[in-house]
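See structure below.
Nothing here was measured: the structure is a model prediction, and the numbers come from that model.
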Amino acid sequence: MQCFSFIKTMMILFNLLIFLCGAALLAVGIWVSIDGASFLKIFGPLSSSAMQFVNVGYFLIAAGVVVFALGFLGCYGAKTESKCALMTFFFILLLIFIAEVAAAVVALVYTTMAEHFLTLLVVPAIKKDYGSQEDFTQVWNTTMKGLKCCGFTNYTDFEDSPYFKENSAFPPFCCNDNVTNTANETCTKQKAHDQKVEGCFNQLLYDIRTNAVTVGGVAAGIGGSSWLP
């Protein structure tokens with residue numbers, strides 16, 4: 001009985017977190033839809049064709065609504081022990097799982113195409129705005145620090161950038177020491193070449209693949225908990 005109470009409590013808390021994440025996604029989606037130009041500002045000047053990415057706001061709203069509803073059903077079902085709510089929760093979770101599998105297949109097929117497209121879009125923005133556009137520079141610094149990466153592809157993305165022209169060096173993240181994770185000296189081209197810090201796109205793909213098993217296990221655990229009486 002105590003074990004069941006513990007599982008029930010954990011499921012309520014976990015689904016409360018999902019509920020809050022859904023609310024956050026919904027809020028960001030509304031922000032992007034209403035003020036897309038401000039949101040895209042952090043990525044630097046984009047071509048007119050790239051501005052269609054503002055439509056990601058509608059995707060975020062849809063995803064937020066689904067996650068919001070999923071969290072609510074999970075909390076309500078666990079709290080009241082309603083089999084109807086739990087079955088609906090599991091059904092939505094199953095649809096999401098199927099969509100994730102389909103997305104994984106598509107991502108596997110089109111990763112190279114996406115990398116080529118993003119390279120044409122992001123690298124010129126780095127060369128133009130990194131070091132001169134504060135919001136853009138801050139976003140990239142945070143990304144490189146968090147993922148322990150350098151640029152989109154590698155350190156060469158920063159050649160001819162305002163930062164490089166002003167400092168005659170690359171960002172310190174491109175010369176991070178493998179032990180202390182800090183750069184003790186100026187990050188010259190030779191040091192950046194020798195360190196070979198991974199680009200953020202490849203590092204992000206690596207992190208996603210590394211954590212895929214964990215994410216799958218969590219999803220399976222949620223699905224299994226839906227069958228509790």
Side-chain angles (χ1 to χ4, degrees), residues 28 31-32 35-57 60 103-215:
V28 173
W31 170 36
V32 175
D35 192 15
S38 175
F39 181 80
L40 290 175
K41 180 182 177 182
I42 62 176
F43 296 103
L46 301 176
S47 65
S48 58
S49 61
M51 285 300 292
Q52 62 185 296
F53 274 94
V54 73
N55 292 332
V56 74
L60 289 176
V105 173
V106 172
L108 184 63
V109 173
Y110 292 103
T111 293
T112 303
M113 184 184 298
E115 181 177 10
H116 178 69
F117 174 77
L118 290 173
T119 299
L120 295 176
L121 181 67
V122 177
V123 174
I126 292 177
K127 291 183 180 294
K128 182 177 181 180
D129 292 319
Y130 185 85
S132 62
Q133 217 279 352
E134 185 176 353
D135 292 339
F136 182 83
T137 303
Q138 183 59 45
V139 168
W140 269 103
N141 286 342
T142 302
T143 301
M144 292 189 289
K145 181 178 180 180
L147 294 179
K148 296 180 177 59
C149 58
C150 170
F152 183 78
T153 51
N154 53 40
Y155 71 94
T156 60
D157 295 345
F158 296 98
E159 292 179 339
D160 299 324
S161 68
Y163 181 92
F164 184 82
K165 291 177 180 178
E166 181 179 347
N167 299 280
S168 298
F170 295 96
F173 308 101
C174 298
C175 292
N176 281 350
D177 182 85
N178 292 329
V179 178
T180 62
N181 194 35
T182 57
N184 297 317
E185 300 178 4
T186 301
C187 186
T188 63
K189 184 173 183 177
Q190 184 60 48
K191 290 178 181 177
H193 175 75
D194 293 340
Q195 291 268 343
K196 291 183 172 60
V197 178
E198 195 73 49
C200 293
F201 182 80
N202 290 332
Q203 186 61 41
L204 180 60
L205 288 180
Y206 173 79
D207 288 348
I208 291 174
R209 289 164 181 163
T210 300
N211 295 306
V213 175
T214 302
V215 173

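Under the salt bridge (Lys or Arg N to Asp or Glu O under 4.0 Å) criterion, the residue pairs touching residues 150-161 are Glu159-Lys189, with sequence neighbours excluded.
Cys149-Cys200 SG separation is under 2.5 Å; the pair is scored as a disulfide.
Summarising the geometry of Cys175 relative to Thr188, their closest heavy-atom pair is SG-O, 4.2 Å, with the distance given to 0.1 Å. A pairwise comparison of heavy atoms in Ser132 and Pro162 identifies OG-CG, 3.6 Å as the closest pair. Heavy-atom minimum distance, Met144 versus Cys150: SD-CA, 3.8 Å.
Under a 3.5 Å cut-off, the side chain of Lys196 and the backbone N or O of His193 do form a donor-acceptor pair. A donor-acceptor pair is defined here as one N or O able to donate and one able to accept, closer than 3.5 Å; no such pair exists between the side chain of Gln195 and the backbone of Val197. In this structure, Asn154 contributes its side chain and Thr156 its backbone to a donor-acceptor pair below 3.5 Å.
Contacts of Thr142 classified as side chain to side chain donor-acceptor pair (under 3.5 Å), with partners at least two apart in sequence or in another chain: Gln138. Residues that satisfy the ring pair (Phe, Tyr, Trp, His ring centres under 6.0 Å) test with Tyr130, not counting sequence neighbours, are Phe158, Tyr163. Residues satisfying the side-chain contact (heavy atoms from CB on, under 4.5 Å) criterion with Glu166, sequence neighbours excluded, are absent altogether. With sequence neighbours excluded, no residue forms a side chain to side chain donor-acceptor pair (under 3.5 Å) with Lys165. Every residue meeting the salt bridge (Lys or Arg N to Asp or Glu O under 4.0 Å) condition with Lys191, not counting sequence neighbours, appears here in chain and number order: Glu185. Phe164 is linked by a side-chain contact (heavy atoms from CB on, under 4.5 Å) to Ser161, Phe170, counting only residues two or more places apart in sequence or in another chain.
Between the CD atom of Glu198 and the OG1 atom of Thr153 there is a distance of 10.0 Å, given to the nearest 0.5 Å.
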Evaluate side-chain contact (heavy atoms from CB on, under 4.5 Å) for Asp135 paired with Val139, printing each intermediate quantity in order. CA-CA 6 Å; Asp135 292 339; Val139 168; 5.6 Å; no
One pair to check against side-chain contact (heavy atoms from CB on, under 4.5 Å): Val122 and Trp140. What are the steps and the verdict? CA-CA 11 Å; Val122 177; Trp140 269 103; 3.4 Å; yes
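Between Phe152 and Phe201, the ring planes lie tilted relative to each other; the angle falls in the 30° to 60° range.
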